[in-house]
There are 2 protein chains.
Amino acid sequence: MGNESGQSFCTNAEWMGRAHCDKCHIRQLMLFSELPDTAFEHLLAPIDHFLYPPGSVLYEAGTHKPFIYSIRRGMVKLVHAAQDGSNRIVRLLGNGSAIGLELLDGSKSYHHTAIAVNQVDLCKIPVSTVRQLESEHPALCKHVGKQLQDQLNIADQWIVALGTGAARQRVAQLVLVLEEFFSEDNGAFILLNREDMAAMTGIAVETVSRIVAEFKRQKILYRFKDNFYMCNVAALQELSRYG
Amino acid sequence: MGNESGQSFCTNAEWMGRAHCDKCHIRQLMLFSELPDTAFEHLLAPIDHFLYPPGSVLYEAGTHKPFIYSIRRGMVKLVHAAQDGSNRIVRLLGNGSAIGLELLDGSKSYHHTAIAVNQVDLCKIPVSTVRQLESEHPALCKHVGKQLQDQLNIADQWIVALGTGAARQRVAQLVLVLEEFFSEDNGAFILLNREDMAAMTGIAVETVSRIVAEFKRQKILYRFKDNFYMCNVAALQELSRYG
DNA sequence: GAGCGTCATTGCGAATTATCAATATTCAGA
DNA sequence: TCTGAATATTGATAATTCGCAATGACGCTC
């Protein structure tokens, strides 16, 4: 159960400039979808746009910087660190998700540590800006609510799929989650390292490795290119149900 | 892992009359806290007030009735039923929590089955009423967001505390959760039955029973009265960390 | 291409947990 | 108080999973 996670604390984020929300080509996916272009004309604090390399720590649990983040592209893991040094991945979020929303609800600090899994492209939004926009555009409040509801759905799925059943079932479910939410256009997805997979399912690293290796031998899971994999969805669904 | 759950579908709810939100003595705890008394003057659809006996099914996953529920008193479990007949308890909610909020986000049906654990006193609020109030009082939207954030926090805690570690640790955490969130004024709390405890932790019923019995022998957990128990919090915290 | 560090895989014995079956306890009614 | 049904506890054994250590695979640098 213990995974020490030697995640290096590199925050060599590359600043990509001020965000131009009014011209953002993916705004319909983001937190500010449906706000009028004019909403961004009088912002008191700037929204910055960053590119983080894999492994970057976006923020740490217990700290407080007055920013929330909207993920344009890439995968972020929300990690809960236990006192004994082990850590559990609570949630995996991708394109269009907003993180750090607990700050909007009055929380003094972030509830998790957020770490970039691959290269992450995001906008860093001051809490004050969100509040300003919320007061001028009450509709934004609904979008925040929608984000929360989405994350609640993901958390529930996590509990049900990754927290129930034997190890083989959980790993099968995990691969299905990766396939469903994080596959690229070509249908391939990043297979996380075994340590992360263990931290997501609550299973020992070696056990995860054994099961993944088994899936590979059975050709249920196979490498597509680099660290991208593809899988036999039907076979995994069968496994996830009946072991 | 398989628990068939012979939960009887009894919905012998006792109607307690129309709710008078403007005079509700616990409104500050509820979804409509901080709305002015006048907010309730022109409601198009009525808010009803019910008392449900233990075991009542408030609603079932996949169905849709246009109501959300605000729990005034009592404990409700949100259950996810798997195809194989087993079921997992995703969340336990009590006084002041609102359930069925997924309907506000456009979901066509409830995401879980909601079952009263003990006697539950709640208000049944038409979705249309919430929408009406939201449009007249944008502040309500924030309260819905707060409810969602609260539930997300609970779900995260569930993942971390009840989904990680060995069986003994999980059961210890579960008892601590019951103690923290559901103890009465006298500090005692209902110890759920073993089947429910198993469905919350993802552990076999017999294993849960063994561990609970062990706790009782060690006087870490002891009966206070009827089905109310008290526990040694420090000892359980120790156990939850180091097995 | 050799050397090196990191991560994945595998073997193996120990510890934990599931599962089936039997026994005890509790609780609601009669 | 007695009785039967539902729950809880316990025993025994099989299956799974853990945890440690060894080995293998891969990428990177020199």
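What you see is a predicted model; the values in this text were computed from it and never measured. We name chains A, B, ... by the order of the sequence lines, and we start the count at 1 in each one.
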Only counting residues at least two apart or in another chain, list the ones meeting salt bridge (charged side-chain N to carboxylate O under 4.0 Å, His left out) with B/Glu214.
-> B/Arg168
Taken to the nearest whole Å, CG/B/Asp196 to P/D/dA6 is 17 Å
Interatomic distance, B/Arg170 CZ vs D/dC18 C1' [rounded to whole Å] | 13 Å
Kindly write out the residues that satisfy ring pair (Phe, Tyr, Trp, His ring centres under 6.0 Å) with A/Tyr59, not counting sequence neighbours, or none if the list is empty.
-> A/Tyr69, A/Tyr110
Rounded to whole angstrom units, what separation is found between the CZ atom of B/Arg168 and the P atom of C/dT17?
-> 7 Å
Quick one: which residue pairs count as a ring pair (Phe, Tyr, Trp, His ring centres under 6.0 Å) with a foot in residues 158-217 of chain B, not counting sequence neighbours?
-> none
Can you tell me how far C1' of D/dT7 sits from OH of B/Tyr229, to the nearest Å?
-> 11 Å
Check nucleotides 26-28 of chain C against the protein and report each pair of N or O atoms closer than 3.5 Å, with its distance, or say if there are none.
{"unit_1": "C/dC27", "atom_1": "OP1", "unit_2": "B/Arg223", "atom_2": "NH2", "d": "2.9"}

Whole angstrom value for the distance that separates P of D/dG11 from CD1 of B/Ile211 | 15 Å
Which heavy-atom pair separates B/Leu176 from B/Ser240 by the least distance, and what is that distance?
-> CD1-OG, 4.3 Å
Letter per nucleotide, 5' to 3', of nucleotides 5-10 of chain C [B base touched, S only sugar-phosphate touched, - untouched; heavy atoms, 4.0 Å] = ---SBB
Can a donor-acceptor pair be found between the side chains of B/Asp156 and A/His112 at a distance below 3.5 Å?
-> yes
How about A/Gln157 and A/Asn153: does a side-chain donor come under 3.5 Å of a side-chain acceptor?
-> no
Any Lys/Arg nitrogen of B/Asp121 or B/Arg73 sitting under 4.0 Å from an Asp/Glu carboxylate oxygen of the other?
-> no
Axis-to-axis angle between the two ends of the helix from C/dG1-D/dC30 to C/dA30-D/dT1 (five base pairs per end, rounded to 10 degrees) | 40°
